[in-house]
Amino acid sequence: MAKSCTKNLSASASFSLHPMTDQFIEIIHHALNETDTSNVWLETDDVTTTVRGQIVHVFDVTKAICAHASTFGKHLAFQATYSIGCPSNQEGDLLRVNEDVASNQLEESIYNPFAAAKFSLYPLGINSYMDTILEQIEAMKSFVSVSSAPLSTKLEGNLLEIFAGLEQVFQATVDAGSNHTVMTVTFSIHSPTHQKK
């Protein structure tokens, strides 16, 4: 088996937030300002925001930004690509911290709306990659409702539970020996098509 090159490397997430309202600037600024990003390297351009750091902190920051944006009650789309592996992200390594505890504490009663999401997992460098993908899809069922969808897997449940499942699946794929793990996810929150849960 090839030696994993993910040990001691930084994870990355490149994401875009799309509030379906003319308040989009206010919502995006609010989400970024309310989120503690001190444990990650962060850069925003006119297309996406990228964060780099330890897996726990990358998921913590992206989850918090999405959750803070959701408090406006407006239809919101959130798209992210998570990655870890060769080559290393040097900027993220510079901000490596020893503390593995998430810095953003989100109260479920405020930051946990119903959401629908679709995700795809790519464990690169594993011969049995399909077995790993199927195992992690099955693991998601302990967090939220899971169903098949074209080119992806659909998730339905509360926002924080979906993020908790995604983080566990990502970490488990890395632990399974994937040399380069990629995961894409798209959220839809407060959609007019969602029935009240």
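All of these numbers come straight from a predicted model, not from anything done at the bench.
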Can you tell me how far [atom2] of [Y] sits from [atom1] of [X], rounded to the nearest 0.5 angstrom?
{"X": "S12", "Y": "I84", "atom1": "OG", "atom2": "CD1", "answer": "8.0 Å"}
{"X": "L17", "Y": "I189", "atom1": "CG", "atom2": "CD1", "answer": "8.0 Å"}
{"X": "K141", "Y": "T153", "atom1": "NZ", "atom2": "OG1", "answer": "9.5 Å"}
{"X": "M140", "Y": "Q168", "atom1": "CE", "atom2": "CD", "answer": "9.0 Å"}
{"X": "H18", "Y": "I27", "atom1": "NE2", "atom2": "CD1", "answer": "13.0 Å"}
{"X": "E156", "Y": "H194", "atom1": "CD", "atom2": "NE2", "answer": "7.0 Å"}

(request) Taking the side chain as every heavy atom from C-beta outward, state whether T50 and L42 have any atom pair closer than 4.5 Å. (result)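 No, side chains not in contact.
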(message) If you define the side chain from C-beta out and look only at heavy atoms, does anything of L155 sit under 4.5 Å from F143?
(response) no
(request) Identify the heavy atoms of Q171 and I55 that sit nearest to each other, and give their distance. (result)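 In this case the closest contact between Q171 and I55 is OE1-CD1, 3.3 Å.
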(message) Would you say F163 ends up clustered with V182 if hydrophobic residues are merged whenever their side chains have heavy atoms under 4.5 Å apart, either directly or through other cluster members?
(response)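 No; tracing contacts between hydrophobic side chains, which count when under 4.5 Å, never links both residues.
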(request) Kindly work out whether a path of hydrophobic side-chain contacts (I/L/V/M/F/W/Y, heavy atoms less than 4.5 Å apart) joins V56 to V40. (result)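 Not linked; separate clusters.
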(message) Any donor-acceptor pair under 3.5 Å linking the side-chain atoms of T173 with those of S178?
(response)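 No pair is found: no donor N or O on one side chain lies under 3.5 Å from an acceptor on the other.
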(request) Quick one: do N39 and Q54 satisfy side-chain hydrogen bond (donor to acceptor under 3.5 Å, both in side chains)? Show the steps, please. (result) CA-CA 8 Å; N39 287 330; Q54 292 171 283; over 6 Å; no
(request) Run the numbers on I162 and V185 for side chain to side chain contact (heavy atoms under 4.5 Å, CB included), then give the verdict. (result) CA-CA 10 Å; I162 293 177; V185 60; 5.6 Å; no
(request) With sequence neighbours excluded, tell me which residues meet side-chain contact (heavy atoms from CB on, under 4.5 Å) with H29. (result) I25, N33
(request) Would you check if the distance from the ring center of F187 to the ring center of F15 is below 6.0 Å? (result) no
Return all side-chain donor-acceptor pairs below 3.5 angstrom for residues 110-135, not counting sequence neighbours, or 'none' if the list is empty.
| unit_1 | atom_1 | unit_2 | atom_2 | d |
| --- | --- | --- | --- | --- |
| N112 | OD1 | L159 | N | 3.1 |
| N112 | OD1 | L160 | N | 2.7 |
| N112 | ND2 | E161 | OE1 | 3.0 |
| S120 | OG | L151 | O | 2.9 |

(request) Look only at the side chain of T35 and the backbone of L32, and say whether a donor-acceptor pair between them is shorter than 3.5 Å. (result) no
For residues 60-81, which side-chain donor-acceptor pairs fall under 3.5 Å, sequence neighbours excluded?
| unit_1 | atom_1 | unit_2 | atom_2 | d |
| --- | --- | --- | --- | --- |
| D60 | OD1 | N104 | N | 3.4 |
| D60 | OD2 | S103 | N | 3.2 |
| D60 | OD2 | S103 | OG | 3.3 |
| D60 | OD2 | N104 | N | 3.3 |
| D60 | OD2 | N104 | ND2 | 2.8 |
| T62 | OG1 | V58 | O | 3.0 |
| T62 | OG1 | F59 | O | 3.2 |
| T62 | OG1 | Y82 | OH | 2.8 |
| H68 | NE2 | E34 | O | 3.4 |
| S70 | OG | A67 | O | 2.6 |
| T71 | OG1 | H68 | O | 2.7 |
| H75 | NE2 | S188 | OG | 3.2 |

